[in-house]
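Numbers here simply count residues along the sequence, with the first being 1. All values reported here derive from a predicted model rather than from experimental measurement.
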Amino acid sequence: MKEKNDIEAEKYTGNHQPKWFGLAVQALIILSREQMLMCPSVDIAAYLQSEATLLRRVLAVLSREGLLETREGRDGGYRLKKNPESITLVEVYDAFQVSSPLCFGIVDKTGTHPLGIQMKTVLSDITEELDLSMREVLKNYTIADLARRLDKLEHRN
């Protein structure tokens with residue numbers, strides 16, 4: 001179970017934490033398996049062994065971006081609004097405006113001294129190229145692709 005301080009730290013970061021992307025992808029895979037059924041956030045959180053409040057914030061972003069349909073009430077929950085074949089990982093990545101921890105760390109640690117300022121300019125070009133490359137890779141995979149890969153793994157075991 002998550003500590004309250006961990007949740008608060010995530011709540012106040014400028015960009016969503018990269019783990020939000022991971023939780024979002026996993027939640028979308030779960031929902032793709034549920035077909036047209038509404039799935040409560042508590043059930044998804046339990047399956048992912050995640051904190052329900054954090055997961056609801058992740059699901060709210062996906063809903064705002066048009067990937068999920070939500071319904072409140074006793075029979076409420078979440079379900080996919082789009083076909084899992086059409087949801088690319090880059091679409092999920094963009095929903096959270098995730099910056100790669102590597103890219104962020106490289107530029108963030110350059111400092112304000114003269115060399116640091118110059119390095120920030122030089123490294124910004126490289127990190128932009130890294131981000132573009134990562135986005136190209138993420139465009140090649142859908143939620144349905146990952147679900148199929150997981151199904152293959154489950155059938156092996």
Does the side chain of Lys19 reach to within under 4.5 Å of the side chain of Phe96, using non-hydrogen atoms? no

Just to verify, which of Ile143, Leu31, Thr142 counts as forming a side chain to side chain contact (heavy atoms under 4.5 Å, CB included) with Ile87? Ile143

Considering non-hydrogen atoms only, spot the tightest contact between Arg33 and Asp151 and give its length. NH2-OD1, 3.1 Å

4.5 Å side-chain heavy-atom contact, Leu67 and Leu80: no

In chain order, what residues pass the side-chain contact (heavy atoms from CB on, under 4.5 Å) check against Tyr141, with sequence neighbours excluded? Leu89, Val137, Asp145, Arg149

Would you mind checking if Lys81 and Glu69 are paired as a salt bridge, meaning a charged N to carboxylate O distance below 4.0 Å? no

Residues in salt bridge (charged side-chain N to carboxylate O under 4.0 Å, His left out) with Glu85, at least two apart? Arg148

Rounded to the nearest 0.5 Å, how far does CE of Met38 lie from OG1 of Thr70? 7.0 Å

Closest non-hydrogen atom pair between Thr112 and Ile117, with its separation: O-CD1, 3.3 Å

At what distance, to the nearest 0.5 angstrom, does CG of Asp125 lie from CG of Leu130? 11.0 Å

Close side-chain approach of Val58 to Val61, heavy-atom, < 4.5 Å: no

Between atom OG of Ser32 and atom CG of Leu150, what is the distance when rounded to the nearest 0.5 Å? 9.0 Å

Counting only heavy atoms from other residues, nucleotides and ligands, does the tally under 6.0 Å from NZ of Lys82 exceed 12? yes

Check for me, please, whether Ile126 and Met119 land in the same ILVMFWY cluster - side-chain distances under 4.5 Å, paths through other members count. yes

Once you round to the nearest 0.5 Å, how far does CD of Glu51 lie from CZ of Arg57? 7.5 Å

Starting at CZ of Arg135, measure out to OG1 of Thr88 and round the result to the nearest 0.5 Å. 9.0 Å

Taken in chain and number order and not counting sequence neighbours, the residues that satisfy salt bridge (charged side-chain N to carboxylate O under 4.0 Å, His left out) with Lys139 are Glu136

Do Gln26 side-chain atoms and Gly22 backbone N/O form a donor-acceptor pair below 3.5 Å? yes

ILVMFWY network linking Tyr47 to Leu59, side-chain heavy atoms under 4.5 angstrom: yes

Run Glu91 and Glu65 through side-chain contact (heavy atoms from CB on, under 4.5 Å) and show every step you take. CA-CA 9 Å; Glu91 190 174 358; Glu65 294 299 316; over 6 Å; no

For Leu55 against Ala27, the heavy-atom pair lying closest together: CD1-CB, 4.4 Å

Rounded distance (nearest 0.5 Å) linking atom CG of Leu48 with atom CG of Asp43: 11.0 Å

